[in-house]
Amino acid sequence: MQYKIINRKKRIATAAADMIGGILHAPLKLFKRHREIDPQQINTILVIRTAYIGDAIMTVPILKPLRAGFPNAEISFLTSSGAAPALETNPYIHDIIAYDPLWFYAPYKKRKYRENGKKRKTYPALMRELRGRRFDLVIEARGDIRDILMLVRPLDARYKVSYDIGGGGFLLTHVVPYGGLRHKVEYHLDIARYLGCPATETEWGVYLTKEEKANTRKFLRDNSIKKPFIAVHPGVRIPLKKWQLEKYAELYDAIARDLGMITVITASNKDTDYVKAMLRLMRTTPVDLTGRLTLRELAGVLSESLLFVCNDSAPMHIAASMGVPVVAVFGPSKSIETAPYGNPHRVVEKDFPCRYTCDENTCKHERFHACMKTIEVEDVLTAIKDLLKEVNV
């Protein structure tokens, strides 16, 4: 079995679960005939990609091919509450189901939380809803035994499809062959290709309405943000993917000084203190939109920017999906999997072999965080200038 699991403990636990599950389900497999997937029998499809926002964004390209390959089917998308707004108004989705699995979003285990004034969906309520929908085809796009066990297995679907590189293959009716390490967009598109769907062109993005686009332009005017401007995002979900505070400050000063452009900070609420500390180090004054943008408003601001500078993060994928040129600073994560996809971009990274066996949460290098600390401001500034030349600015 070829597992794509870096964490050793998780890999061993998954292998054990697969062995036990495979033995228990072997008798059932003997009496089940393998059925080819008939597009004419598919009226309802459920796509599952819950964790995390950036990964959900990189799953969006699968939707247009699915619509073409299964023209009679309504497509539902199960994702996290954080990612759900990015999928609103997507023309290929019939509806969005928001749920934050306890196995991915640990902080939610110990407290009740609300969304739009209502309690968010519990697991029992979610499963009652999904079972009542009677999906013909369920696609688990991550390839994770936890999702397959908890979200796919209980459903009475004719076809259950995913990868087996994260375990749980014994619970599927169809296992997608794994083609090796590649970009996650292609990883997801390979599922569509396996299902016989045309996937030669990539269409994705946050589909903003005319009203949202107009509101974005008004917001920029109200905040004295004139084009062209460069958007920047120092925040990131995983701490080890974050660059040094003083280097962010120096870079943003250099953008204003050397390029003569407005710098617009688009960080989220959780980075408020971090951004305040950074601003105290700066000699120039950027436009600080920290904590002021919803996910869709962020997409609107990014769509109007000349260029986006960021870490490997969800906003990076939003920008890439909307065709915005991106300069991305990469540390422990692998750009072969998560670089800005399909648009002009530059990745700034250093060659540390340990990055390919790093789980991104714990640094075991003898020089802690060396993959990020060795990236200099001039490296990123050079990438910005080079990319601006490519897009003829």
Side-chain angles (χ1 to χ4, degrees), residues 1-11 14 49-62 83 104 141-145 147 162-167 176-191 202 204 233-244 308-321 325-376 379-380 383 387:
M1 176 62 65
Q2 181 183 12
Y3 289 116
K4 187 175 172 290
I5 304 173
I6 291 176
N7 185 286
R8 183 173 178 272
K9 291 182 179 179
K10 289 182 180 178
R11 188 169 62 250
T14 300
R49 195 49 154 115
T50 55
Y52 294 92
I53 295 177
D55 294 305
I57 295 292
M58 287 187 286
T59 309
V60 169
I62 200 176
F104 289 133
R142 179 182 172 94
D144 190 294
I145 191 172
D147 274 350
S162 184
Y163 287 100
D164 194 20
I165 56 173
V176 181
Y178 178 56
L181 191 66
R182 59 194 311 193
H183 199 282
K184 284 188 178 181
V185 168
E186 292 295 330
Y187 172 85
H188 296 134
L189 285 174
D190 279 347
I191 300 175
T202 304
W204 60 326
H233 192 93
V236 69
R237 179 176 59 87
I238 298 176
L240 286 178
K241 291 185 179 182
K242 190 176 289 187
W243 207 25
Q244 286 82 15
F308 185 46
V309 183
C310 58
N311 306 300
D312 175 19
S313 59
M316 180 190 75
H317 297 299
I318 293 174
S321 73
V326 176
V327 172
V329 180
F330 270 68
S333 53
K334 295 171 281 295
S335 58
I336 190 174
E337 283 193 298
T338 59
Y341 183 87
N343 69 316
H345 69 270
R346 294 291 184 276
V347 169
V348 183
E349 59 187 343
K350 297 296 182 179
D351 185 18
F352 283 83
C354 59
R355 294 169 64 212
Y356 292 90
T357 57
C358 178
D359 67 2
E360 302 177 6
N361 289 294
T362 305
C363 179
K364 297 181 180 180
H365 194 275
E366 59 183 6
R367 295 167 55 204
F368 179 76
H369 211 201
C371 58
M372 289 294 275
K373 289 181 178 179
T374 53
I375 295 175
E376 301 298 338
D379 296 330
V380 184
L387 186 54

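In this chain, numbering begins with 1 at the start of the sequence shown. For the numbers below, each heavy atom of this structure counts, side chains included, while hydrogens, waters and symmetry mates do not.
Between Cys371 and Pro332, the shortest heavy-atom distance links the atoms SG-N, 3.5 Å. Annotation for Ala383 and Val348: closest pair CB-CG2, 3.7 Å, computed over non-hydrogen atoms. Of all the heavy atoms in Ala339 and Val347, the pair that sits closest is CB-CG2, 3.9 Å. Between Ile6 and Cys358, the shortest heavy-atom distance links the atoms CD1-O, 3.4 Å. Residues Ala83 and Ala56 share a closest heavy-atom pair of CB-CB, 3.7 Å. Summarising the geometry of Ala320 relative to Val326, their closest heavy-atom pair is N-CG2, 4.2 Å, with the distance given to 0.1 Å.
Distance check: Ile191 CD1 to Ile62 CD1 gives 4.5 Å after rounding to the nearest 0.5 Å. Put simply, CD1 on Ile57 and CH2 on Trp204 are 8.0 Å apart, with the number rounded to the nearest 0.5 Å. Within the model, atoms CG of Asp55 and NE2 of His317 stand 7.0 Å from one another, a figure rounded to the nearest 0.5 Å. His183 NE2 to Met58 CE: the interatomic distance, rounded to the nearest 0.5 Å, is 6.0 Å. Residue Ile238 holds its CD1 atom at 7.5 Å from OH of Tyr52, rounded to the nearest 0.5 Å. The line from CG of Asp190 to OH of Tyr178 is 10.0 Å long, rounded to the nearest 0.5 Å.
Side chain of His345 to main chain of Asn343: a donor-acceptor pair is present (N/O by atom type, distance under 3.5 Å, no hydrogens or angles). Panel note: side chain Arg355, backbone Lys350; a donor-acceptor pair is recorded below 3.5 Å. Remark: the backbone N or O of Asn311 is paired with a side-chain donor or acceptor of Ser313 at under 3.5 angstrom. With hydrogens and angles ignored, the 3.5 Å screen pairs a side-chain donor or acceptor of Asp379 with a backbone N or O of Glu376.
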Carefully, step by step, assess Asp144 and Tyr163 under the rule side-chain contact (heavy atoms from CB on, under 4.5 Å).
CA-CA 8 Å; Asp144 190 294; Tyr163 287 100; over 6 Å; no

Yes or no on side-chain contact (heavy atoms from CB on, under 4.5 Å) for Leu240 and Asn361, after CA distance, side-chain angles and deciding distance?
CA-CA 7 Å; Leu240 286 178; Asn361 289 294; 5.6 Å; no

Test side-chain contact (heavy atoms from CB on, under 4.5 Å) on Lys373 and Phe368 and set out the steps.
CA-CA 9 Å; Lys373 289 181 178 179; Phe368 179 76; 4.2 Å; yes

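Here the side chains of Tyr3 and Ile165 are not in contact, with every heavy-atom distance at 4.5 Å or above. Two residues are said to be in side-chain contact when any heavy atoms from C-beta on lie closer than 4.5 Å; Phe330 and Met372 fail this criterion. Within the 4.5 Å cutoff, the side chain of Arg237 has no heavy atoms near those of the Ile53 side chain. For the pair Pro344 and Leu387, the minimum side-chain heavy-atom distance is below 4.5 Å. By the 4.5 Å heavy-atom criterion applied to side chains, Trp243 and Val236 are not counted as neighbours. Using a 4.5 Å heavy-atom cutoff, the side chains of Cys310 and Val329 are not in contact. At least one side-chain heavy atom of Phe308 sits less than 4.5 Å from a side-chain heavy atom of Pro315.
Put simply, the residue from Arg367, His365, Glu366 that forms a side chain to side chain contact (heavy atoms under 4.5 Å, CB included) with Cys363 is His365.
Contact check on Asp312 versus Lys241 returns a salt bridge, with a Lys/Arg side-chain nitrogen under 4.0 Å from an Asp/Glu carboxylate oxygen. Electrostatic pairing of Glu337 and Lys4 counts as a salt bridge here, judged by a charged N lying under 4.0 Å from a carboxylate O. The existence of a salt bridge linking Lys10 and Asp359 is excluded, since no basic side-chain nitrogen approaches an acidic carboxylate oxygen closer than 4.0 Å.
Using modelled atom types, one finds a donor on one side chain and an acceptor on the other under 3.5 Å when comparing Glu349 with Ser335.
Figure legend: cation-pi geometry between Arg182 and Tyr187 absent, as NZ or CZ is not positioned both under 6.0 Å from the six-membered ring centre and within 45° of its axis.
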